Amino acid sequence: MTEQLRPDGSLRHLLTLESLSRAQIERLLDRSQTYVRPLGERPPRSTALAGLTVANLFTEPSTRTRVSFELAAKRLGAEVVNLEVQLSSRVKGESMLDTVYTLQALHVDALVIRDAEAGVPGLVAGHVAAHVSVLSAGEAHVAHPTQGLLDALTIYQRKQRFAGLAVAIVGDIRHSRVARSAWHALRALGVTDLRLVAPAALMPAAEEFEGCARVRSIAKGIEGVDVVMMLRIQKERFGDADVPDGDKYFAAWGLTPERLALARPGAIVMHPQPMNRGVEIASLVADGPQSVIRDQVRNGVAVRMAVLAEVLGTRGGA
Ligand code: NCD
């Protein structure tokens with residue numbers, strides 16, 4: 001695995017949360033919180049990254065992650081370029097590195113990469129010049145580290161602790177980089193009751209998610225939990241898995257107000273979006289008082305500012 005830290009221990013790349021310590025994750029969360037403002041107030045701005053350039057290189061669709069990385073970089077004073085490239089998988093590795101070398105020659109200092117193929121952010125990180133940082137914005141089903149951080153931050157804002165919390169991740173866990181990064185973060189932060197709640201076809205392989213309970217019924221899975229994290233069915237990532245669609249899935253696995261009532265009073269509901277309303281989640285829940293889905297989006301910008309400041313901060317202008 002590509003080393004994410006510089007020899008002095010500072011964070012250079014962010015490809016996964018898996019190998020980060022609790023202290024490193026807490027530091028990023030503390031830094032993120034300093035960038036959070038209530039809606040209606042102006043977001044914070046600084047010149048910390050003035051003179052530096054961030055490139056967003058996305059080969060998979062994205063709305064929130066792309067826009068929030070762009071806003072995060074701009075609010076810290078960096079220049080931003082956005083590239084949405086379609087590469088055939090046969091030539092991808094090579095073309096990706098050519099694109100990266102081109103961006104590097106244009107004085108890009110950080111590359112934010114989203115790709116459907118496992119290993120691409122790490123491959124790029126292994127080939128860039130020493131002053132360049134690589135941040136994953138979603139790698140296949142493997143990792144989505146800034147999402148894991150924003151999910152942890154959202155939980156902490158509402159619960160003020162991690163120890164003793166019960167968290168259920170519900171739905172298409174097998175294909176979810178969001179679930180993997182959430183697990184890495186929450187495990188490091190001391191959550192011990194983490195339940196994977198999914199039909200057999202959407203459960204991850206047995207050797208993954210060590211220490212998590214596996215529950216094959218949504219009613220049992222969310223009973224008494226503090227946090228319910230719903231996931232989208234990621235059809236684009238599976239071939240012919242035996243998963244009921246639409247109404248049938250909702251009937252068996254959808255989060256309805258009745259099912260949510262089984263969680264602990266005051267439990268929060270999360271979803272990384274895009275949401276399929278009426279498939280994995282009822283609109284009444286998504287838009288209801290226990291939903292923190294829009295907080296997650298707001299926190300996404302703050303987390304991406306913190307990560308950019310962390311990896312590039314020592315090189316910034318101010
Ligand atoms: C997710 C992703 O792309 O991994 N979206 C996001 O980044 N917030 C989840 C998904 O696509 O279902």
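One-based numbering, in listed order, for ligands and for the atoms of each. We count residues from 1, following the sequence as given. Worth saying up front: this structure is predicted, and the values here are computed from it rather than measured.
Close contacts of ligand 1 with Arg232, meaning ligand atoms under 4.0 Å from a residue heavy atom, involve 10 (C), 11 (O), 12 (O). The atoms of ligand 1 that sit less than 4.0 Å from any heavy atom of Thr65 are 6 (C), 7 (O). Atoms of ligand 1 lying under 4.0 Å from any heavy atom of Val178, numbered from 1 in the order shown and given with element: 1 (C), 4 (O), 9 (C).
A salt bridge does not link Asp172 to Arg174: none of the charged nitrogens lies less than 4.0 Å from a carboxylate oxygen. Between Arg31 and Glu310 a salt bridge is recorded (basic side-chain N to carboxylate O distance below 4.0 Å).
Between the side chains of Ser21 and Gln24, at least one donor-acceptor pair of N or O atoms lies under 3.5 Å. When only modelled atom types and interatomic distance are considered, Asp151 and Gln296 share a side-chain donor-acceptor pair under 3.5 Å. Side-chain atoms of Glu84 and Asn56 include no donor-acceptor pair closer than 3.5 Å.
Close to ligand 1: Arg114, with a non-hydrogen atom less than 4.0 angstrom away.
Given atom 3 (O) of ligand 1, the protein heavy atom at minimum distance is Arg177 NH2, 2.9 Å. Here the protein heavy atom with the shortest distance to atom 7 (O) of ligand 1 is His144 NE2, 2.7 Å. Protein heavy atom closest to atom 8 (N) of ligand 1, with residue, atom name and distance, is Pro272 O, 2.9 Å. For atom 6 (C) of ligand 1, the nearest non-hydrogen atom of the protein is Gln273 O, 3.6 Å.
Using a distance-only test at 3.5 Å, with no hydrogens or angles considered, a donor-acceptor pair links the side chain of His13 to the main chain of Val134.
Using a 4.5 Å heavy-atom cutoff, the side chains of Phe209 and Arg180 are in contact.
Of the heavy atoms in Gln147, only side-chain atoms (C-beta onward) come closer than 4.0 Å to ligand 1.
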